[in-house]
Amino acid sequence: MQANAHWLAAALLASGAAMAAPEQVGSAPPQDGRPPAVAPLFEQPGVLTPHGKLVLEPSLQFGYSSSNRVVLVGYTIIPALLIGLVDVREIKRNTSTAAITARYGLSNRAELELKVPYVYRSDSTVSRELFTGTGVDRVFDTSGRGVADAELAVRYQLNQGGADRPYYVAGLRFKSRTGTDPFSVVTDCSQRCVGPNASGTGLPLELPTGSGFYALQPSLTWLFASDPAILFGSVSYLYNVKRNNVSRRVLGGESEPLGRIAPGGVLGFNFGIGLALNDRALISFGYEHSAIARTRQNGVPVAGSVRTQLGTLLTGFSYRVNARRTINVAVGAGLTRDTPDVQLSFRLPMTY
């Protein structure tokens, strides 16, 4: 993703590039018809890799989230008096993801991408059961690290684009199951985690690094140059392939059969605006939203599973160090309860 001093003028003149006269002194440099560069905010890049070029992009992302949960188990005699148990839990979650991404330009309109991430996760659950005579917090710490789910993606620019005409880029991403399966880690339950014989906290003793499901994600990205800004956005849908005969590991080397698990699909969209500060620096502002459907077990929605809405406000900055290297930094703030409170990402794409 590279910016140059002639970008804005070239973007407005791109629609007439095919009919332009031979290059003359003082004319804009010839363009390859690719969309203009913006400071990246989202996972799907808008600018494709040039034909025959290879981009290696090491990246580092950090996310932090915390939530409080109060569970009331009992009955109320009067509105101010509860007979039973009050379970208060505070959960703090840290996730660090290091990844190496390789993108190759199959043509000026198509690119192939391979991403291999490595994840380190740590969760701390602080709980206290009130009305049991204890004033001591119980802390349950767990963590996990390892290779996460590798991804393979292909993107294709659908049109030429230009002045008063947006660029459209279609993409298809495949997510594997190379990470640690969440059903293969041991859960703190003696026999069962749900049902009449449930015992234990139900929390995993080691955090998984993968989702445990294959997934496909088609997407459509658009960019529109409107001097002096660039408008961009995308829409996508993540389909998780269901699994049959799934079992969860519990204490004592035993397992709890779960049957058929079908994770809910994820409908996502984002939009933003990018500005070129000079011939090297760009800044972007955007919003990303994801709606996650309920997970089903044996055809029935899982108890406690609800439709989840994730909203994130993002700011990104990009600086071109030289013709081959660019530094990209992005900061995200969660706007809904289930979204990570803060996300920080750093990317260093290098072109060869």
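Any value given below was found using the heavy atoms of this structure, including those in side chains, with hydrogens, waters and symmetry copies removed. What you see is a predicted model; the values in this text were computed from it and never measured. All residue numbers refer to positions in the sequence shown, counting from 1.
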Legend entry - Neighbour count above 12 (heavy atom, 6.0 Å) for Asn244 CG: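 It does: Asn244 CG has more than 12 such atoms within range.
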
Legend entry - Over 12 non-hydrogen atoms of neighbours within 6.0 angstrom of CZ in Arg177: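 Atom CZ in Arg177 is crowded, with more than 12 foreign heavy atoms closer than 6.0 Å.
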
Counting N and O atoms only, with roles assigned by atom type, does the side chain of [X] sit under 3.5 Å from a partner on the main chain of [Y], one being a donor and the other an acceptor?
X	Y	result
Asp338	Leu310	no
Asn240	Gly264	yes
Thr209	Val147	yes
Asn94	Tyr64	no
Arg243	Gly212	yes
Thr336	Gln309	yes
Thr142	Pro204	yes
Asp123	Ile91	no
Ser176	Ala150	yes
Asp149	Ser211	yes

Inset, instruction - Start with the C-alpha distance between Gln160 and Arg109, add both sets of side-chain angles, then the distance that settles side chain to side chain contact (heavy atoms under 4.5 Å, CB included), and finish with yes or no. - result: CA-CA 9 Å; Gln160 180 69 19; Arg109 287 198 175 190; 3.0 Å; yes

Inset, instruction - For the residue pair Phe213 and Ile261, establish whether any side-chain heavy-atom pair is separated by less than 4.5 Å. - result: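 SC-SC contact between Phe213 and Ile261 confirmed.
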
Inset, instruction - Answer yes or no: is there a side-chain heavy-atom contact under 4.5 Å between Glu113 and Arg103? - result: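 Sidechains of Arg103 and Glu113: in contact.
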
Taking all non-hydrogen atoms of both residues, which atom of [X] and which atom of [Y] are closest, and how far apart?
X	Y	answer
Asn328	Ser318	OD1-OG, 2.7 Å
Val55	Pro349	CG1-CB, 4.0 Å
Thr339	Gly311	OG1-N, 3.1 Å
Asp141	Ser124	OD1-OG, 2.7 Å

[atom2] on [Y] to [atom1] on [X], rounded to 0.5 Å:
X	Y	atom1	atom2	result
Thr101	Leu56	OG1	CG	9.0 Å
Thr221	Tyr167	OG1	OH	15.0 Å
Leu152	Lys115	CG	NZ	13.0 Å

Inset, instruction - Might you work through the side chain to side chain contact (heavy atoms under 4.5 Å, CB included) test for Arg320 and Arg280, ending with a clear yes or no? - result: CA-CA 5 Å; Arg320 182 171 60 90; Arg280 288 178 175 265; 4.0 Å; yes

Legend entry - Residues forming a side-chain hydrogen bond (donor to acceptor under 3.5 Å, both in side chains) with Arg347, sequence neighbours excluded: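 Partners of Arg347 by the side-chain hydrogen bond (donor to acceptor under 3.5 Å, both in side chains) criterion come out as none, since no residue qualifies.
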
Could you see if [X] belongs to whatever hydrophobic cluster contains [Y]? Use Ile, Leu, Val, Met, Phe, Trp, Tyr and a side-chain cutoff under 4.5 Å.
X	Y	answer
Leu313	Val331	no
Leu114	Leu54	yes
Val116	Leu60	no
Ile283	Phe224	yes

Legend entry - Qualifying ring pair (Phe, Tyr, Trp, His ring centres under 6.0 Å) pairs, either residue in residues 292-339, two or more places apart: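 Counting only pairs at least two positions apart or across chains, no ring pair (Phe, Tyr, Trp, His ring centres under 6.0 Å) contact touches residues 292-339.
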
Inset, instruction - Output all residues satisfying salt bridge (charged side-chain N to carboxylate O under 4.0 Å, His left out) with Arg173, sequence neighbours left out; order by chain, then residue number. - result: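 Arg173: salt bridge (charged side-chain N to carboxylate O under 4.0 Å, His left out) contacts with Glu151.
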
Inset, instruction - For the pair Phe346 and Phe62, evaluate side chain to side chain contact (heavy atoms under 4.5 Å, CB included) and give the outcome as yes or no after the intermediate values. - result: CA-CA 9 Å; Phe346 173 82; Phe62 171 77; over 6 Å; no

Legend entry - Distance-only donor-acceptor check, side chains Glu111 and Thr49, under 3.5 Å: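 Judged by distance alone, the side chains do pair up.
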
Inset, instruction - Report the relative orientation of the aromatic rings in Tyr287 and Phe271; use parallel for angles under 30°, tilted for 30 to 60°, perpendicular for over 60°. - result: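 Rings of Tyr287 and Phe271: tilted, 30 to 60°.
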
Inset, instruction - Kindly determine whether Leu348 and Ile327 satisfy side chain to side chain contact (heavy atoms under 4.5 Å, CB included), including the steps that lead there. - result: CA-CA 5 Å; Leu348 181 63; Ile327 297 176; 3.8 Å; yes

